[in-house]
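First comes the structure, then the notes that go with it.
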Amino acid sequence: MIIAGTERARFAIVDPARPSQPLAVVGSDELPAAVRELDAASHPRWVWAETHLLYPALLEAGVRVDRCHDLRLCAAILDRSTLTEQVRSSGRHGRPPWLPPGPAEAGTAGAAAPVAAGRSHDTLFELDEFADIDPAGAVDEGSDVRASDTGATDGSAVTIESLARELDRQQAMVAESADPRALRLLLAAESAGALIGAEMHAAGIPWDRAVHERVLEQTLGARPKPGFKPAHVERLAAAVRAALAGPSVNLDSQVDLLRALRRAGIQVDSTSRWELGEHDHPAIEPLIAYKKLMRLLSANGWAWLDEWVHDGRFRPDYVPGGTATGRWATSGGGALQLPKIVRSAVVADPGWTLVVADAAQLEPRVLAAMARDEAMAAAGRGRDIYRGIVESGVVENRDQAKVAILGAMYGATTGDSGRLVPRLARAYPRAMALVDRAAATGERGGVVTTNLGRSSPSPGDGWRVAQAQASQPEATPADERRARSVAREWGRFTRNFVVQGSAAEWALCWMAALRPRLAQFAPVATPAERSGPVFERMPHLVYFLHDEIIVHTPREHADEVAAAVHETAHAAARLLFGDFPVDFPLESAIVDSYAMADA
DNA sequence: CGGCGCGGCGCC
DNA sequence: AAAGGGCGCCGCGCCG
């Protein structure tokens, strides 16, 4: 058990049992070597304040670690979870002021006045009873190593003692929580995600600039001079202006365009593609095409290539835990919104290939398992869950099953989706009850919690103000309508939160289990042109999109990697849902280009 | 000039 | 009239 911390740009690595006797005190240049040595010696779980501040430098130096505990991400979970509500209400567990808010809780300052919590001798991560089903090592028992970087952001030194105290606080909260096992798993998975996010940034997505440019040229025309638009875009713009009889309309200005459309007799209230599509007019088709091309140009055009692709890699900045539900965010490059049209540019290196896998209908399956809804789980067993729902006679066709399920999870009340939801409720009452309960809790302003213990934020001022106004004696019917509307809106958020958030946990556990499996492959010889970090010379994750992953692997390991991807998906299911009979089938492919994975 | 809200749209 | 959840990024247009 070790801690590393820093004071004045020095890093200390410390065993928490003997915090006053650092195992190493080094400058940042020597830190990677020290970590490498201690990691090899005792295989510890490194504890540090923020993975994204410390780990990139280790990776840069070729040092990879197996496990960590990210104090900031874990605090963000623990300080909000309903599972720790009791222990938090004791007042003994205020977050230390030096620990920044988690990525999804910006503005939520840590509570002041830390109180010394009794030292807990529990280990955070021992999960003996699950060791046999945890292939990851992600959540197994292990010694504790703590590292902190100092103060990174505001220059204030965070002492070793502060870090040790915070780890103790978190361990105590977990131990005294309503479900220590679930929280241990969640914190381990969240921390593994932090490692993976940093590693995927360091590795980068293999990106073939020439392929991307070919797509742009075929779709948009040749790259224009600065300040000009590509030929195909200009041609469509001219067609739209001609059809609208508005030679000077600025198609990129919503106001200008809307005015021109109405002048031409197209009665729309917005310029959204959805609404435009309802109308029949010669300007519509070229306008929709124009918008599509402009989207590609501005979001993933030549400027994007210049900014984000270097040395054959796209390196987005991942933000693990970046959203309230626990899904990741990205902070640049739009990595989670890569349009399908440019995915052909994701091409494996020579001699390497891509293992692409996504979990089929992840969210409905997670819902079925969470709700212990045997009928719904059975609909998905060994088949497309939507087809299973059709075969059970609940609805007539797959499209209906899909919109009904989405409607149930998102809270649709009207339209095709809303009409189908009641049929779903009759067939799968337990699943429906779970999401309905989450919605009702949210409407009341309450907090809901995922399968492993990530809780939703409390509703904001908008909700409170609206409810307060509606409960005044002089409240108008408009006030009451407004309050109901705001409440339902929050209810739709909490309804979806439990499903989306629990699905995110499944995906995290999947990756956390897969990562050590990939690390077991022997490194391949480093090609002269590529001397990257060690994990870049073995199969490694390069992309993660909510329920989908890409592993970049030497060709000779592809089949084994694909097997590991499947095995760890099953392992994640067992870890989260035990023996409950629910399937999480993957659609996977071994391909040289991401675009071929859809076939 | 930068900051910000909005409409719109890409992904899940 | 009300309207399915979560995101990030773009350009526009307004603001100071």
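Small disclaimer: the values here were computed from a predicted structure and weren't measured.
Backbone-only engagement by A:G332 is indicated by non-hydrogen atom pairs under 4.0 Å involving sugar-phosphate atoms exclusively. Residue-level contact check: A:R484 touches neither bases nor backbone, having no heavy atom under 4.0 Å from any strand. Residue-level contact check: A:G333 touches the backbone only, with heavy atoms under 4.0 Å from sugar-phosphate atoms and none from bases. No engagement by A:R488 is indicated, since no non-hydrogen atom pair under 4.0 Å with the nucleic acid exists. Residue contacts for A:T413: at a heavy-atom cut-off of 4.0 Å it reaches the sugar-phosphate backbone alone, with no base atom in range.
Donor-acceptor pairing under 3.5 Å is recorded for the side chains of A:T51 and A:D70. In this structure, a donor-acceptor pair under 3.5 Å is absent between the side chains of A:T494 and A:T441. Donor-acceptor pairing under 3.5 Å is recorded for the side chains of A:D252 and A:Y290.
Using a 30° and 60° split on the angle between ring planes, A:W490 and A:F493 fall in the tilted class, from 30° to 60°. The aromatic rings of A:Y594 and A:Y543 stand perpendicular to each other, their planes meeting at an angle above 60°, with 30° marking the opposite boundary. Note: A:F584 and A:F577 have parallel aromatic rings, judged against thresholds of 30 and 60 degrees for the angle between ring planes.
Nearest-nucleotide assignment on DNA chain C puts the 5′-proximal partner with A:R327, out of A:S331 and A:R327.
For the pair A:R454 CZ and C:dG5 P, the computed distance is 21 Å after rounding to whole Å. Rounded to a whole Å, the CG atom of A:L420 is 13 Å from the P atom of C:dG4. Atom pair A:L424:CG and C:dG4:C1' shows a separation of 14 Å (rounding to whole Å applied). Put simply, CD on A:E443 is 13 Å from P on C:dG5, counting in whole angstrom units. Rounded to whole Å, the distance from CD on A:E363 to C1' on C:dG4 is 12 Å. In this structure, the CZ atom of A:R419 is 13 Å from the C1' atom of C:dA3, given to the nearest Å. Per the geometry, CG belonging to A:D317 stands 19 Å off P belonging to C:dC7, to the nearest Å. Atom pair A:M511:CE and B:dC12:C1' shows a separation of 14 Å (rounding to whole Å applied).
For C:dG4, neither phosphate oxygen OP1 nor OP2 lies less than 4.0 angstrom from any side-chain nitrogen or oxygen of A:R492. Residue A:T414 places at least one side-chain N or O under 4.0 Å from the OP1 or OP2 atom of C:dG4.
With rounding to the nearest 0.5 angstrom, the CZ atom of A:R454 is 4.0 Å from the CD1 atom of A:I77. Note: A:I266 CD1 to A:L276 CG = 7.5 Å, rounded to the nearest 0.5 Å.
Residue ring and nucleobase are stacked for A:Y410 and C:dG5, with a centre distance beneath 5.5 angstrom and an angle between planes beneath 30°.
Centroid-to-centroid, the aromatic rings of A:W302 and A:W308 stay 6.0 Å apart or farther.
Of the residues in residues 247-286 of chain A, those lying under 4.0 Å from DNA chain C by heavy-atom distance are A:D252, A:S253. Listed by residue number, the members of residues 287-298 of chain A with any heavy atom below 4.0 angstrom from DNA chain B are A:K291, A:R295.
Relative to the side chain of A:E548, the nucleotides B:dC12, C:dC7, C:dG4 differ in distance, and B:dC12 lies closest. The listed nucleotides are C:dC7, C:dG5, B:dC11; the one nearest the side chain of A:K340 is B:dC11.
Under the 3.5 Å distance criterion, the side-chain polar atoms of A:S485 are left unmatched by any main-chain donor or acceptor of A:R481.
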